[in-house]
Structure formats: structure tokens, C-alpha cells
Amino acid sequence: MASLLIRQDQQILRNIRLYTADLKIGRASECEIQLSDPGVSRKHARITLVDGLYYVEDLGSRRGVFLNGEKIQRAQLQSGDKLAIHNFQLEFVADEGNAAEPAAVIVEVRAVGKEYALGKQIVTALRNISLTIRKGEFMALAGPSGSGKSTLLNLIGCIDTPTSGSILIEGQDISGKTPDELADLRLNTLGFVFQTFNLLPVLSAWENVEYPLLQQRDVAKKTRQERVRHYLNVVGLEPYAHHRPNELSGGQRQRVAIARALATRPSIVLADEPTANLDHKTGEGILRLMKDLNQEEGTTFIFSTHDARVMEMADRVIELADGQIME
């Protein structure tokens, strides 16, 4: 899959995989590649995949799109090409082994609404939300408290059900599934990382990571142990395998939670404010770890957050306010 290496003032900001055949670049929340700078138009440029070839075109931006130093309206991209959009530099890198295959849609949210009864009042948490997420994305749902981001994350995670509309996970409409089927989906397809860690205090780090695997009846004991050891090593906590949560720092507990989320080999990891209870340095390390796992293992990460660091690292940010996606 091709990618864009994004720099600003010679500093690398992000490496974004071109996971779909049509990606818009700009400041608007509907743009798949967002560049947060007033000098970038809301819808500045578009990259498309046509018959195995990538093209870039200017969407009528104020400052134009430059390819290898020349202003263009539409042009084909070659590996190593340099794009300039305002003060951002974007390097196009083609993966010849799989360049023509955009990633599949893994989550589709269709006109979803969510209402809650609060005494005699009806509170609307989400209004007509439609959203498509592709495999391998590292994306964030952003907004202030009460915007609906955690509600939407819980709906995607099958922890709650929508009042209206539908949600498809890997092409399956979850609205018609039984509680047992939803539990199976949560166990085998979804991983969860919570801001409060949600570790079982009486279990060691090893046992916390192992716990969801014990629910997967088809995972043999040897395989289970190999996975626990592997993911504790991935998050750098193998020496602390037998420590209980109260013997670990906040950052270490969050790493255990990440290892637990990944141990079942989920297609999607949902992270609800994962840096909220961590100091700046620890939060940076946790984000870098998750980004590395996203790039190395292709796991889709969906965050709810109001942390600017998460938004800067995300491939795409969807901003919510008052239960709606901001345009």
C-alpha cells in the first residue's frame, strides 16, 4: 500500500498509508488527510487511485498544489515525488507489492442516532452520524466532554446499541445480533483500552493479559502462553509479568491493558482517552507504541480523545460537537 510521509519545517509529522482509492487533503474534518494550518484550504487537494495509478489534483485551493516544485492542477504520482501544500511537504512512497489495492472497509456507521432517557427527559447523544473506517487506519474521534465521542466508540465496540441507524463491523450488521453473538464479536474482533485501565487487581500482569484468551475455547494452552509472553514483550513488560496492578506505574498498567487488548488478535482496537491519566512523557510513549503496532501489524486503532498529541499522530481526526460530526 502506498503512503505519504508528511513533514513540516523538515520535521516528520506522520506517515499515512493510502488506505482507500480516494483521499481528500485539507483542514475539514471530512478530509481523510488533515493538515491543521490556516494556510491550508478546507478541501485543498485529492489523491485518487485509478487503474492502479495514483493521481493528485488541486481542489481549487487558495495557495495551490506543487509537485516537485511545479504548480499543478492534476498529475500522476511516482514513488519519491514531493508535494508541497502551504508549508507542508508530502513525499509519495509507493509499495510496489500492493500499490493498487486499497484497504477494505472495516467499520461502517450509517445514519446512527442515540438517545437516553434521563428521568422524564430524552437526551440526544448522537444525531445522524455516518462514517466509514478502513482497515489499518489510526484515527481519532475528537471533541469536548459531552460531544458524543465516547458514545460513538461504545456503539462501535458493541457495548451499547444505537437508537436509530446501523453499524457494520467487517460487513456484518450488528443491530440484529443476539447478546451472545455480540459478546463473541467483542471477544474475537474487538480489543479495548480504557483510560482507567480496567485491570483485575487480584491478577498479575500475565494473568490480566491471559484472561480474555481463556474465553477463547479454541486457543490451546501453549498458544495462549506464547501470545501472552509475546505481547508482554512487545509492550516491554515481560520482566513485570508477575506483578499485580498496584505494583505497577500508571504507564505500565496502560501497557498491560494494550497487551491484553492485542492478545486476542483483534481486527480493531478501541481506545477511550488512553492518555488521560498519564503524564506527558508516558503518554507520548504509549502513543508511539500503539502507532508502531498499527504500522507493523496492521491493526486498526480508533480513539476517543481531546488530547492534541493523539490528534497530531492520527491519520484522520473526526471532530464531534453536540452529537454531530463537524463539517
Side-chain angles (χ1 to χ4, degrees), residues 1 3 12 14-17 19 103 106 135-140 157 186-201 203-216 218-303 305 307 309-310 313-315:
M1 187 184 302
S3 62
I12 295 176
R14 285 174 283 168
N15 185 14
I16 297 181
R17 288 178 290 180
Y19 50 83
I106 196 167
K135 182 173 176 58
E137 278 202 70
F138 193 81
M139 67 159 298
R186 287 192 296 269
L187 178 62
N188 296 299
T189 304
L190 304 167
F192 298 87
V193 179
F194 301 98
Q195 63 173 299
T196 53
F197 318 133
N198 283 17
L199 301 178
L200 296 170
L203 301 183
S204 66
W206 178 285
E207 291 166 334
N208 266 285
V209 176
E210 185 182 35
Y211 183 77
L213 290 171
L214 293 170
Q215 319 307 312
Q216 294 183 319
D218 58 340
V219 178
K221 181 179 180 180
K222 182 180 179 182
T223 302
R224 187 172 70 239
Q225 292 175 336
E226 287 173 350
R227 281 204 210 168
V228 175
R229 185 175 295 107
H230 170 71
Y231 283 107
L232 281 175
N233 183 57
V234 164
V235 300
L237 285 181
E238 196 170 6
Y240 300 89
H242 301 294
H243 287 59
R244 291 185 178 181
N246 64 358
E247 300 172 311
L248 301 171
S249 68
Q252 289 172 327
R253 278 178 277 172
Q254 192 64 292
R255 287 172 181 266
V256 174
I258 293 169
R260 179 184 60 187
L262 293 169
T264 58
R265 302 281 176 86
S267 304
I268 305 163
V269 171
L270 303 164
D272 188 11
E273 300 281 7
T275 59
N277 292 327
L278 304 175
D279 62 72
H280 182 83
K281 182 177 180 180
T282 303
E284 290 277 1
I286 291 296
L287 285 175
R288 176 49 55 193
L289 171 62
M290 290 193 280
K291 185 65 173 180
D292 289 345
L293 290 167
N294 164 256
Q295 294 180 336
E296 292 167 10
E297 303 197 8
T299 306
T300 304
F301 280 80
I302 307 172
F303 298 84
T305 188
D307 187 336
R309 295 170 299 174
V310 178
M313 197 173 289
D315 298 339

Does Arg309 form a salt bridge (charged side-chain N to carboxylate O under 4.0 Å, His left out) with Asp307? I'd like the steps, not just the answer. CA-CA 5 Å; Arg309 295 170 299 174; Asp307 187 336; 2.6 Å; yes
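- One finds the CD atom of Glu137 at 9.5 Å from the CD1 atom of Ile16 (value rounded to the nearest 0.5 Å).
- Within 6.0 Å of CZ on Phe192 lie more than 12 heavy atoms contributed by other residues, nucleotides or ligands.
- Taking every heavy atom of both residues into account, Ala241 and Leu232 meet most closely at CB-CD1, 3.9 Å.
- Under the 30°/60° scheme for interplanar angles, the aromatic rings of Phe301 and Phe138 are found to be tilted.
- How far CZ of Phe194 is from CD of Gln254: 10.5 Å, rounded to the nearest 0.5 Å.
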Should Arg288 and Glu284 be marked as a side-chain contact (heavy atoms from CB on, under 4.5 Å) after you check the CA-CA gap, both sets of side-chain angles, and the distance that decides it? CA-CA 6 Å; Arg288 176 49 55 193; Glu284 290 277 1; over 6 Å; no
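- Between Thr300 and Gly136, the closest heavy-atom pair is OG1-N, 2.8 Å.
- When all heavy atoms are compared, the tightest approach of Thr299 to Pro266 is CG2-O, 4.0 Å.
- Two residues are said to be in side-chain contact when any heavy atoms from C-beta on lie closer than 4.5 Å; Val310 and Leu287 meet this criterion.
- Checking each of Arg224, Arg229, Arg227, Arg260 against Glu210 for a salt bridge (charged side-chain N to carboxylate O under 4.0 Å, His left out) leaves exactly one that passes, namely Arg224.
- Tyr211 OH: 12 or fewer foreign heavy atoms inside a 6.0 Å radius.
- Remark: the backbone N or O of Glu238 is not paired with any side-chain donor or acceptor of Asn233 at under 3.5 angstrom.
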Test side-chain contact (heavy atoms from CB on, under 4.5 Å) on Ile258 and Leu293 and set out the steps. CA-CA 10 Å; Ile258 293 169; Leu293 290 167; 4.1 Å; yes
